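Here is the structure we will look at.
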Amino acid sequence: MSHSGRQHFTTNPVTDKLRSGQPTVGAWLSLCSPAAAESMAQIGWDWLVVDVEHSPVGFETMVGCFRAIQLGGAVPMARVPWNDTVWIQRTLDAGAMGLVIPMVNSPDDARQAVADMKYATRGQRSYGGSRLAAYIDGDYRTWADQHLSVIVMIETIQAVEQAEAILSVEGVDGCFIGPNDLALSMGLSLNETGPGTRHEAAMLQVLAAARACGKAAGKHCFSPADVNTRIAQGFQFLGLASDAVFMARAAQEALSAVNLGPAPAAPAPGDSARLY
Ligand code: 3PY
Ligand code: MG
């Protein structure tokens, strides 16, 4: 009987790229669907993040998405709901190869996130194995401490002001800017973002801080043009929309190309109806 063999990771391709200064592009998974995850993973994204913070995904469905992402050939990651020891431990044990951790607003928050992602004596992660252990070479504990991607979210103005201290924390691989929460924390509406605004200046301040301490900066983008601009600026961890957004956009485009005769088409949902 022939078989294709088990997938093996010697390192983590995303962590490797981030640490060597290369850009990576991924997308968010908000549809809570392993089938959608598998289909997305085959397209060629570096990574896919299951959004456990802002989608209704259940824990076992998240694990199904990790399996599907691996099968499709991308790196499975998750955004945990909060900078929380229990969530971080369970999500890593379920097989994430990296985490995006929301609302990291101070160096202490960053140290806590790193400690939760590393085993003693580097941190305080408890050992109980991981789904991923079957797919990596060597001892999972050593592998995890070296290769999991640790991405902290900078999404408040307080975090922007401390970005260099946050990113200098040993064990942090990079940051991911949440443009919406950042705008909220600055008291700005979405109309007050974009080139020339205080919001844009804050994001560039984060990029400069990341470059000053040799860490990767990232950002959620809503168009390929924005991804291209950000890569040219030096950002390295770019998220482009989500499976939910791609599906809705394609469906909307298809339906609007259908000739429905004189009846008015349903209005398009507003831009903020579905962000991710
Ligand atoms: C935000 O825009 O606040 C985000 O969290 C994006 O992922
Ligand atoms: Mg956010």
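In this text, all values refer to a predicted model and were calculated from it rather than measured experimentally. Start at 1 and go down the list; that is how both ligands and their atoms are numbered.
Metal site remark for the Mg ion (ligand 2): Glu53 contributes no N, O or S atom at a distance under 2.8 Å.
The Mg ion (ligand 2) is closest to atom OE1 of Glu155 (considering only N, O or S atoms). The atom of Asp181 that is an N, O or S and sits closest to the Mg ion (ligand 2) is OD2.
Of the options Ile151, Val100, Leu29, Thr91, a side chain to side chain contact (heavy atoms under 4.5 Å, CB included) to Arg79 is made by Val100 and by none of the others. The residue from Val104, Val152, Ile101 that alone fulfils the side chain to side chain contact (heavy atoms under 4.5 Å, CB included) condition with Val172 is Val152.
Ranked by closest heavy atom to atom 5 (O) of ligand 1, the top entry among His220, Arg79, Lys219, Met103 is Arg79.
In this structure, Arg131 fails the cation-pi test against Phe66, since its NZ or CZ atom is not both closer than 6.0 Å to the six-membered ring centre and inside 45 degrees of the ring normal.
A donor-acceptor pair under 3.5 Å is formed between the side chain of Ser20 and the backbone N or O of Asp16.
The distance criterion of under 3.5 Å between nitrogen or oxygen atoms is not met by Ile177 with respect to ligand 1. Considering backbone and side-chain atoms alike, Asn180 places an N or O below 3.5 Å from some N or O of ligand 1.
When non-hydrogen atoms are compared, ligand 1 lies under 4.0 Å from the side chain of Met153 (C-beta onward) but not from its backbone.
Of all atoms in ligand 1, listed by their number and element, those nearer than 4.0 Å to a heavy atom of Glu155 are 1 (C), 3 (O), 4 (C), 5 (O). Within ligand 1, counting atoms from 1 as listed, the ones closer than 4.0 Å to a heavy atom of Asp181 are 1 (C), 2 (O), 3 (O).
A salt bridge is defined here as a Lys NZ or Arg NE, NH1 or NH2 lying under 4.0 Å from an Asp or Glu carboxylate O, and Arg111 with Asp108 meets this definition.
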Q.
Evaluate His54 against Trp28 for ring pair (Phe, Tyr, Trp, His ring centres under 6.0 Å), listing each step before the verdict.
A. CA-CA 10 Å; His54 285 305; Trp28 245 226; 9.9 Å; no

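Using a 4.5 Å heavy-atom cutoff, the side chains of Tyr140 and Tyr119 are in contact.
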